[in-house]
Amino acid sequence: FVFNEGRINWYENITLVEGVFDHIVTPNSIPLLGKTLSMNDAAYIVLTTRAMANVNIMLDGDAYVDAVNVYKLLERSKLQGRVNFIPMNNLPDGCKDASDVYQRYGAKGIVSILRSAYRLSEFDLL
């Protein structure tokens, strides 16, 4: 089951978030409904078969290691070279996730975070 799958634009960048509240404030996102992703998950299967653009990983600040693991998993798939990381562990004003950022800074805050996406280096993946 992929939450809100019918509203995803598969030709635009897709952002993976943890929960539904983060999904509501993040455009073209898929909530994992948790912090992990495996090859057996519906989200993994649909991403690797339908995503035509980049996939951004934007999990909550307390899930840095989990986000790196999701990144590694997707980089080993057909999405190799199209996976980006959005660090959420250094957010301003004590924000913990995308919904906090939206509450304090609105849509401009979310767009700013999405623009910070980057590819992890081999050093980051160790």
Throw together a table of side-chain donor-acceptor distances under 3.5 angstrom for residues 57-68, partners on residues two or more places apart or in other chains.
{"unit_1": "D62", "atom_1": "OD1", "unit_2": "K35", "atom_2": "NZ", "d": "3.3"}
{"unit_1": "D62", "atom_1": "OD2", "unit_2": "K35", "atom_2": "NZ", "d": "3.0"}

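- Minimum heavy-atom separation, A98 to I110: O-CD1, 3.3 Å.
- At distances below 3.5 Å, not a single donor-acceptor pair connects side-chain atoms of T26 with backbone N or O atoms of H23.
- Nearest heavy-atom pair, N56 versus A117, reported as atom, atom and distance to 0.1 Å: OD1-CB, 3.8 Å.
- From L74, atom CG reaches atom CG of N69 across 11.0 Å, with rounding to the nearest 0.5 Å.
- Atom NZ of residue K78 and atom CD of residue Q80 lie 13.0 Å apart, to the nearest 0.5 angstrom.
- A donor-acceptor pair is defined here as one N or O able to donate and one able to accept, closer than 3.5 Å; such a pair exists between the side chain of N28 and the backbone of N9.
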Report task. Show the numbers, then the answer: is there a side chain to side chain contact (heavy atoms under 4.5 Å, CB included) between I30 and N4? Result -> CA-CA 7 Å; I30 296 175; N4 219 14; over 6 Å; no
Query raised in the report: Going through the checks in order, is the side chain to side chain contact (heavy atoms under 4.5 Å, CB included) test met by W10 and E5?
Result: CA-CA 10 Å; W10 299 104; E5 181 180 357; 3.9 Å; yes
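- Note: Y102 OH to I113 CD1 = 13.0 Å, rounded to the nearest 0.5 Å.
- None of V111, L114, N13, T15 except one satisfies the side chain to side chain contact (heavy atoms under 4.5 Å, CB included) rule with P27; the exception is L114.
- Rounded to the nearest 0.5 Å, atoms CZ (F21) and CD (Q103) are 10.0 Å apart.
- For residues 6-26, no pair satisfies salt bridge (charged side-chain N to carboxylate O under 4.0 Å, His left out), with sequence neighbours left out.
- Taking each heavy atom of A53 and Y11 in turn, the nearest pair found is CB-O, 3.7 Å.
- Within the structure, salt bridge (charged side-chain N to carboxylate O under 4.0 Å, His left out) contacts touching residues 87-105 (residues at least two apart or in different chains) do not occur.
- Salt bridge annotation for E75-R119: present, with a cationic side-chain nitrogen under 4.0 angstrom from a carboxylate oxygen.
- Considering every non-hydrogen atom in both L120 and Y71, the closest pair reads N-OH, 2.9 Å.
- R50 has its side chain out of reach of L47: every pair of non-hydrogen atoms, C-beta onward, lies at least 4.5 Å apart.
- Annotation: Y44, atom OH; neighbour count of heavy atoms from other residues, nucleotides and ligands within 6.0 Å is above 12.
- Tested against L33, the residues V17, D41, V20 include a single side chain to side chain contact (heavy atoms under 4.5 Å, CB included) partner, V20.
- A distance of 12.0 Å separates CG of N90 from SG of C95, quoted to the nearest 0.5 Å.
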Report task. Apply the test side chain to side chain contact (heavy atoms under 4.5 Å, CB included) to residues V70 and V83: give CA-CA distance (whole Å), side-chain angles for both, the deciding distance (0.1 Å), then the verdict. Result -> CA-CA 10 Å; V70 171; V83 182; over 6 Å; no
**Report entry** T48/L79 under side chain to side chain contact (heavy atoms under 4.5 Å, CB included): CA gap, chis, key distance, verdict
**Finding:** CA-CA 6 Å; T48 57; L79 297 170; 4.2 Å; yes
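- Within the model, atoms OG of S29 and CD1 of I24 stand 9.0 Å from one another, a figure rounded to the nearest 0.5 Å.
- By the 6.0 Å contact criterion, OH on Y118 is enclosed, its count of non-hydrogen atoms from other residues, nucleotides or ligands being greater than 12.
- Closest heavy-atom contact between L32 and T36: CD1-O, 3.9 Å.
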